[in-house]
Number of protein chains: 2
Amino acid sequence: MATGRTHRPATRSRGIPEATVARLPLYLRALTALSERSVPTVSSEELAAAAGVNSAKLRKDFSYLGSYGTRGVGYDVEYLVYQISRELGLTQDWPVVIVGIGNLGAALANYGGFASRGFRVAALIDADPAMAGKPVAGLPVRHTDELESIITENGVSIGVIATPAGAAQQVCDRLVAAGVTSILNFAPTVLSVPEGVDVRKVDLSIELQILAFHEQRKAGEESMPSAGQPRAEVRAPEGGKGPDGEIPAVMPA
Amino acid sequence: MATGRTHRPATRSRGIPEATVARLPLYLRALTALSERSVPTVSSEELAAAAGVNSAKLRKDFSYLGSYGTRGVGYDVEYLVYQISRELGLTQDWPVVIVGIGNLGAALANYGGFASRGFRVAALIDADPAMAGKPVAGLPVRHTDELESIITENGVSIGVIATPAGAAQQVCDRLVAAGVTSILNFAPTVLSVPEGVDVRKVDLSIELQILAFHEQRKAGEESMPSAGQPRAEVRAPEGGKGPDGEIPAVMPA
DNA sequence: ATGCCTTTGTGAACGCGTGCACAAAGATGG
DNA sequence: CCATCTTTGTGCACGCGTTCACAAAGGCAT
């Protein structure tokens, strides 16, 4: 096995579907906004609208957490904020390290969303010796040599990888070996990790390509009457990349 | 309707499942790497390993595009790169605007992944007059006033929002009104858009919270024999946010 | 040319997620 | 205390996505 291991055997966590878990932060954000406006209760319909989901889905999601609503009234905002926070594990502090303090890493370090709820940037780590000691977002950048000691001393279990793609797997391996069991990967690479380690990836170019696909579809559909394969003319790939700029298109049949 | 509209009626595009579309960029990346190493052909097994997916899934994904493989041999790397690129619409140039040139916006502008395949940063836009004209990633930052004209003059259909959450919906509305039909949202907000506009979001804090959930589960499970609700002690929420730091936990039954 | 071996392409089964629609539950007013 | 009205919680059905397993297809050696 070279790169990936995408089977998810035990992802389903104690009866809470993964899809629900992914929406809880959304609900929490909407609820926090309501809480700040001192709204006491909210119906599933209202909250669902605020979170951009179906109200039935929201109710079913909440049903996995327990019966926290009051029929005829709705949900107590403060109470629900607390319950979801607890379920997500945000009632405790999660020290996080960011590895790779380039443009993106620095932006992440400065991002307020980190410190806000339960997450604390324990250290910024970069391989460039010239970066060492320089303050970024109020923290001195540490050198990669210190990675293991930082992890163990701070009890870090969540690592953020913002390195170039080439360094990501190596950094990942070191993080895991040092005790990190959750990784948020911003590098455009598939990371290979042992069982028990969670990896989530954020990939700009993948998102853009998905958008481009739909964009192309929209553009192609509106100008075409009913043809099967409408695409006007397609440039053969010839850009910088390949050494031989020849056209590989050999449409078989 | 305040915020969201997440129903997806016509997402399924011309027979290609959305899940497949989301994986095509992954395959493309793996194939490009093979292409650079001048590997002529690749089997579904090898490619699947490189992309971190199941080989059966990969074959089924490719089957939606057509019969591009050769039984007993595998897939022609160059040919497949071309086919996937074409399907994703990467054979044409997509001008993109980035709105909100803060830390994150600047990082995105500097990100190489943009220019690489089919995407070209047409303009960087920020609301701060002090930013106007300042070069970021080799491009002068333009003021928000010019947003509409930039969109129309460059034929921009994809917009990236990297503004603070408070400005995101407003920026989104202006982008859409000016003709943008695909949006990549980095702001932590649910965007409301009219039908026909695609929105994809990248949300750091949501990803972290999902990781925290699983992390909490791992930690709770390994130290507990078989108890039902093991969580040791849970701090009541009392942090900075709310004006009244009172405990909303009133466990009902 | 023939048989073997490898690998694709896909039919079928299964499981997860979603949404409908409704009964149960509680609040509220008379 | 009872009727009514609102809103939750959920049983059920449906569709999408994943995976298995295998037949068909093609290359290759003899």
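Every value quoted in this text rests on a predicted model; they were computed, and no experiment measured them. Numbers restart at 1 for each chain; the letters A, B, ... are given by sequence-line order, proteins then strands. Side chains are part of it too, since the values below use all heavy atoms of this structure and drop only hydrogens, waters and symmetry mates.
- Aromatic ring centres of Y68(B) and F62(B) lie farther apart than the 6.0 Å criterion allows.
- The side chain of S43(B) sits closest to dT7(C) out of dT7(C), dC20(C), dC20(D).
- Computed from coordinates, the D61(B) CG to dG17(D) C1' distance equals 10 Å when rounded to whole Å.
- Remark: C1' of dT10(C) and CG of L65(B) are 15 Å apart, rounded to the nearest angstrom.
- dG26(D) atom P lies 14 Å from atom OH of Y75(B), rounded to whole Å.
- Here the C1' atom of nucleotide dA23(D) and the CZ atom of R59(B) are 13 Å apart, to the nearest Å.
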request  = Kindly indicate, with the supporting measurements, whether the criterion side chain to side chain contact (heavy atoms under 4.5 Å, CB included) is fulfilled by I183(B) and V160(B).
outcome  = CA-CA 6 Å; I183(B) 289 177; V160(B) 177; over 6 Å; no
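- Here dT8(D) presents its P atom at 17 Å from NZ of K57(A), a figure rounded to the nearest Å.
- Out of dG17(D), dT18(C), dT10(C), the shortest distance to the side chain of S63(B) is found at dT10(C).
- Side-chain polar atoms of E215(B) and T181(A) form a donor-acceptor pair below 3.5 angstrom.
- Atom-to-atom, CD of E46(B) to P of dT6(C) comes out at 14 Å; the value is rounded to the nearest Å.
- For N54(B), the side-chain atoms get nearest to dC20(D) when compared with the rest of dG9(C), dC20(D), dT8(D).
- Between R217(A) and D198(B), none of the side-chain N atoms (NZ, or NE/NH1/NH2) sits under 4.0 Å from a carboxylate O, so this pair counts as no salt bridge.
- Atom P of nucleotide dG9(D) and atom CZ of F62(A) are separated by 9 Å, given to the nearest angstrom.
- D76(A) places its CG atom 16 Å from the P atom of dG26(C), with the value rounded to the nearest Å.
- For a distance-only test at 3.5 Å, the side chain of R71(B) fails to qualify as a donor-acceptor partner of the base of dT7(C).
- Here T70(A) does not reach the OP1 or OP2 of dG26(C): none of its side-chain N or O atoms lies under 4.0 Å away.
- A distance-only check finds no donor-acceptor pair linking the side chain of S35(B) to the backbone of L31(B) [under 3.5 Å].
- Between the base of dG9(C) and the side chain of K60(B) there is no donor-acceptor pair shorter than 3.5 Å.
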